[in-house]
Enquirer: 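What follows is a structure written as structure tokens; I'll ask about it next.
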Amino acid sequence: MTERYDPAAIEEKWRRRWEEARVAEVDTAVPGDEFYMLNMYPYPSASRLHVGHGRNYILGDALYRRERMAGRKALNPMGWDAFGLPAENAAIQSGVHPRDYTLDNIARMKEQLRALGLLYDWSKELASCEPSYYRWNQWLFLRMWERGLAYRKTAPVNWCPGCRTVLANEQVVNGRCERSDDVVEIRDLTQWFFRVTDYAERLLAGLDALPHWPERVKTMQRNWIGRSEGAEIFFRVEALVEPIAVFTTRPDTLFGATFLALAPEHPAVATLAERSPDRAAIEEFVEKVRRESRLERESEGGVKEGRDAGFVALNPATGKPIPVWIANFVLPEYGTGAIMGVPAHDQRDFEFARQYGIPIRPVYRTDEAELDPETMTAAAPHGGYLSGSGDWNGTPSGPQAIRRAVEWVEAKGFGKGKIVYRLRDWLISRQRYWGTPIPAIHCPGCGVVPVPDQDLPVLLPDDVDFFGAGGNPLEKSRAFVETRCPRCGGEARRETDTMDTFVDSSWYYLRFLNPRDEKRMVDRERAARWMPVDQYVGGIEHAILHLLYARFVCRVLQDMDLVDLEEPFERLFNQGMITRVNVATGRVEKMSKSRGNTVSPDELIERFGADTVRVYTLFIGPPEKESEWSEDGVSGAYRFLNRVHDLCARVRDLERGGSSGGAGSDTPLVRLEHRTIRRVTEDAARFHFHTAVAALMEFQRAIGEALESGSETPAALSGATKTLLKLLHPVAPHLTEEWWERLGESPFLLEAPWPEFDAELATSARVTLVVQVNGKVRGRLDVERGEGEASAVDLAQRDAQIRPWVEGREITRAVYVPDRLLNLVVR
RNA sequence: GCCGGAGUGGCGAAAUUGGUAGACGCACGGGACUUAAAAUCCCGAGGGCCGAAAGGCCCGUGCCGGUUCGACUCCGGCCUCCGGCACCA
């Protein structure tokens, strides 16, 4: 009949045409109607994209193309999160230099992005492993150091004695090194931190100013920041000069504090151990807990364990002595690393107290019912409201009582009100080679000295040894390590820690606006025009860390007056993951390289073309939900594009035959056309391309039927077909560009305006009115739009289907929803 | 335990504010075209019951209850699954 659909030829042709015309490149210096579209940049360790990631980029491209057709000047850049552990592991395992490995993967992934027909402004491309990028990480670090936002402190790390390396949590399996199987030690190392906790309050408050962020992400960030109001209370302890500070969210239960518990890591523990007759036992316990992995120690159902330190503290409220314990469930990094134990009003304290026979003393009588009666009678003879013994009127629990309790604690001089956060400072040090060198120099005389700005960038050396004795390869590079102190000129050592890759990704959205700028990190003026990012698209897995750090760094830059911007991402869209059945486990799991259930788009592109892969990937389901991948549906997408192709060919032949007659302005096809424009426009606005494609499938079929039956003029058919091409373009760009041109229009369809609908024409003239009797559907009436209630009731009563249900009964009520439904309530 | 999300045909799913449940697609069945197959096109289809058929009735959106003329949608209680976080004081 007609020529066959040849996706390979069409797609290569348009990839070239778009590239040659540089359609995606924008001059960020020239003002326009800016729309900044950003995909989270890919991490080129996985060597190939899989369809799970593919959905991110395909959706992003569809949104981008849609914005272009809406007439916006739109920027859609792509960069590479190029540093990181996998590249370094590849070097150790296969001897490939991380740089070669990374650049190789970038090249391959770029090829895949191109094959999918994704339009990026490659003139803005950046890779975080280039000195032109990471020098600004270093510059930022120095500025933060000056402001006290970068600092050093000790923190425990997983140390593998065999590899002489620090391990990531995920490299520790059952307390052993994943690679060498050595038992992992916990070592304290002095490391660099960013003081993100200083910004906790602002980061929390800022969430309220993000109406276009998914609620679930904001909730996750709120929980992560974890603000708690309470009080810091001081307990005098015999044998210690300084009192022990505890943090509690329930100062109102102070009367019920029957023990004090310290984290084994608490600084006072060493002193207590020294002065204890039981020193060996305490130290042994401390060591044991410290060896437990974080995971074990914090896991649900973990065993609570403690040792009585053998000393006594004074409860400031009762003046009575209480025992001091050391307990594994007290965490050193939260609050003060010490708690007051109130077994009557805290589940954990209760369990601990029962286990070790510590008295339980309720403060609120109303809470007694919640307590174990057995233990209560045995251990807690005392009861009574605090109002009786304290200075405030205690209403059990509640924010009111707590607020009053704080005031009371302050008035009595027991302590002071305090807000603590669950959020911890951002550990940016990595004992790795493949990252941004931290620009610091250790001088025996001057201490830790910053690298002067004019010496930036501190280049990552290429010739390092990945083998031999293990450890950070940078430490063994004499050319790198040996340097001079910038202050005294004496011999000194360079810092060999490198930065966490989240530093790279926390400001890259600004750098796309001036990627080759050697004079400054960010361009204030361009940022003022382009920022915030209008639409950020990425996976839900970055909901907390990346997005929180990006918000943090943005505020830091604002405080440094480098940009006038509080929040970097105005609209955020997080796709759900693509899942797939894992043959090994039989379970449906998220698609990931480590689980080995990935599908590469390459083979599908080869078989069906990129347009089919795009249509199917978007058709699979709503993008915000997770979707299970199955290849069974791909042929449906392919068949649809074939039908579009055939339809266009026939419309072209019709036009060649000489068109006669103008397009009708109010025909069934025209009305459907407008209805389809409305549906697709609205669906695309909420990223629901799956229903948009469904609408386009119906539209395509209707045009085909009209063509077959001759019920519409050639002009109407041609107009409808071109509308179909426009609406389909964001999803299937190559095929639609091709037929746009073949039907005599000039390229690019990408630059053609998005069609508009006429609200009047988008509604059909006749509607189906559903008739219910007592809420059950009993018939349907075909009526004029806007049919009145009286005549609808009349029609219904005379309808053969409906009559038997109402005949001989009294209609007590009629609910009429015009153009939709008539419900007759009968008795 | 806490937070978030979900549960609808054989499967992926749709139903924009409470108003025709299952659009669109996959797989399946039947038919057309073909010497044949593939491809393509057309038709059918939630379950049960009645009927020769046309057609009709009942049930049906995880479970139980409620509000309403009317509930996939709202409210209360529960179950299951997925994801995230967690002895956070």
Side-chain angles (χ1 to χ4, degrees), chain A residues 1 4 214-220 222-224 226-228 230 246-250 253 261 295 297-304 327-331 333-342 345-349 351-352 420-423 540-541 543-544 576-577 579 587-590 615-616 619-622 624-637 639-640 642-643 646 679 682-683 685-686 688 690-698 701 704 708 768-777 779-780 801 804 812-817 819-826:
Chain A
M1 179 181 73
R4 284 184 64 95
E215 213 47 57
R216 61 174 163 164
V217 173
K218 289 191 279 185
T219 304
M220 283 162 92
R222 283 190 192 105
N223 293 343
W224 186 260
R227 182 182 196 273
S228 294
V246 306
F247 174 75
T248 175
T249 52
R250 296 289 307 276
T253 63
L295 221 70
R297 198 163 150 192
E298 295 179 3
S299 75
E300 171 78 6
V303 188
K304 281 184 187 55
N328 68 346
F329 71 92
V330 182
L331 300 177
E333 60 278 318
Y334 186 79
T336 61
I339 63 159
M340 62 181 204
V342 186
H345 303 288
D346 182 282
Q347 184 62 31
R348 281 182 323 274
D349 296 350
E351 284 170 30
F352 190 77
V420 305
Y421 300 90
R422 181 188 171 280
L423 183 69
I540 189 72
E541 66 273 18
I544 295 179
M577 290 171 296
T579 61
R587 291 176 68 92
V588 176
E589 298 170 337
K590 78 170 185 180
V615 170
Y616 180 62
F619 191 61
I620 187 171
E624 69 276 13
K625 283 173 46 178
E626 59 180 53
S627 306
E628 187 180 340
W629 180 262
S630 148
E631 259 165 60
D632 294 343
V634 179
S635 58
R639 283 203 276 259
F640 168 57
N642 267 288
R643 287 196 297 268
D646 291 346
R679 280 176 70 183
E682 290 172 359
D683 287 346
R686 52 187 185 130
H688 279 201
H690 62 309
T691 49
V693 169
L696 291 171
M697 285 171 167
E698 291 179 50
R701 193 170 295 270
E708 201 71 35
T768 302
L769 189 69
V770 172
V771 181
Q772 298 181 338
V773 177
N774 287 344
K776 281 193 188 295
V777 179
R780 294 172 175 85
Q801 293 281 318
T812 56
R813 189 178 165 191
V815 179
Y816 185 60
V817 183
D819 303 334
R820 296 209 128 175
L821 166 138
L822 172 67
N823 187 13
L824 301 171
V825 184
V826 301

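Each chain gets a letter, A, B and so on, in the order its sequence line appears, and its residues count up from 1.
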Enquirer: With a non-hydrogen cut-off below 4.0 angstrom, is A:E682 in contact with a base, only sugar-phosphate, or nothing?
Expert: base
Enquirer: When all nucleic acid strands are considered with a 4.0 Å heavy-atom cut-off, which category describes A:V777: base, sugar-phosphate, or nothing?
Expert: sugar-phosphate
Enquirer: Counting the atoms with a prime plus P, OP1 and OP2 as sugar-phosphate, which does A:N223 contact under 4.0 Å by heavy atoms, base, sugar-phosphate, or nothing?
Expert: sugar-phosphate
Enquirer: Within the 4.0 Å heavy-atom criterion, would you say A:Q772 contacts the bases, only the backbone, or no part of the nucleic acid?
Expert: base
Enquirer: Measure from CD1 on A:I544 to C1' on B:rC85 and round the result to the nearest Å.
Expert: 7 Å
Enquirer: Tell me the interatomic distance from A:N642, atom CG, to B:rA38, atom C1', rounded to whole angstroms.
Expert: 14 Å
Enquirer: Using atom CG of A:D683 as one end and atom C1' of B:rU16 as the other, report the distance to the nearest whole Å.
Expert: 9 Å
Enquirer: Pairing check on B:rU20: which nucleotide meets the Watson-Crick or G-U wobble criteria with it, both distances under 3.5 Å?
Expert: none
Enquirer: Between A:Y421 and B:rC88, is there a side-chain N or O to OP1/OP2 distance below 4.0 Å?
Expert: no
Enquirer: Measure from the side-chain heavy atoms of A:N823 and tell me the nearest of B:rG19, B:rC3, B:rG25.
Expert: B:rG19
Enquirer: Name the pairs: protein N/O against N/O of nucleotides 41-45 of chain B, kept only if under 3.5 Å.
Expert:
from   : atom 1 : to     : atom 2 : distance (Å)
B:rC42 : OP1    : A:R701 : NH1    : 3.2
B:rC42 : OP2    : A:R701 : NH1    : 3.4

Enquirer: State whether the number of non-hydrogen atoms from other residues, nucleotides or ligands found under 6.0 Å of A:R820 atom CZ is greater than 12.
Expert: no
Enquirer: Does a side-chain N or O from A:K776 land closer than 4.0 Å to OP1 or OP2 of B:rG60, or not?
Expert: no
Enquirer: Classify the nucleic acid contact of A:R820 as base, sugar-phosphate or nothing, counting any heavy atom under 4.0 Å across all strands shown.
Expert: sugar-phosphate
Enquirer: Taking the side chain of A:T768 as its heavy atoms from C-beta onward, which of B:rA15, B:rA89, B:rU20 lies nearest to it?
Expert: B:rU20
Enquirer: Scan A:V817 against the nucleic acid and name what it touches under 4.0 Å (heavy atoms): base, sugar-phosphate only, or nothing.
Expert: base
Enquirer: P atom, B:rC26 versus B:rA39: distance in rounded Å?
Expert: 12 Å
Enquirer: If you measure from the C1' atom in B:rC59 to the same atom in B:rU80, how many Å do you get, rounded?
Expert: 24 Å
Enquirer: Looking across every strand, which nucleic acid part, if any, lies under 4.0 Å from A:S635 by heavy atom: base, sugar-phosphate, or nothing?
Expert: sugar-phosphate
Enquirer: So which nucleotide from B:rG19, B:rC88, B:rC24 ends up closest to the side chain of A:A694?
Expert: B:rC24
Enquirer: Rounding to a whole Å, what distance do you find between A:L331:CG and B:rC88:P?
Expert: 8 Å
Enquirer: Less than 4.0 angstrom between a side-chain N/O of A:R250 and OP1 or OP2 of B:rA89, yes or no?
Expert: no
Enquirer: Side chain of A:S228 only, heavy atoms from C-beta on: which candidate in B:rG25, B:rA89, B:rU20 is closest?
Expert: B:rA89
Enquirer: Nearest to the side chain of A:V825, heavy atoms from C-beta on, is which of B:rC69, B:rU20, B:rA89?
Expert: B:rC69
Enquirer: What's the gap between B:rA71 and B:rC88 when it is taken at their C1' atoms, as a whole Å value?
Expert: 41 Å
Enquirer: Could you tell me whether the side chain of A:T812 and the main chain of A:V825 form a donor-acceptor pair under 3.5 Å?
Expert: yes
Enquirer: Round to a whole Å and report the spacing from CG of A:L821 to C1' of B:rU68.
Expert: 13 Å
Enquirer: I need a per-nucleotide contact map over nucleotides 8-13 of chain B, read 5' to 3'. Cutoff is protein heavy atoms under 4.0 Å; write B for the base, S for backbone only, - otherwise.
Expert: ----BS
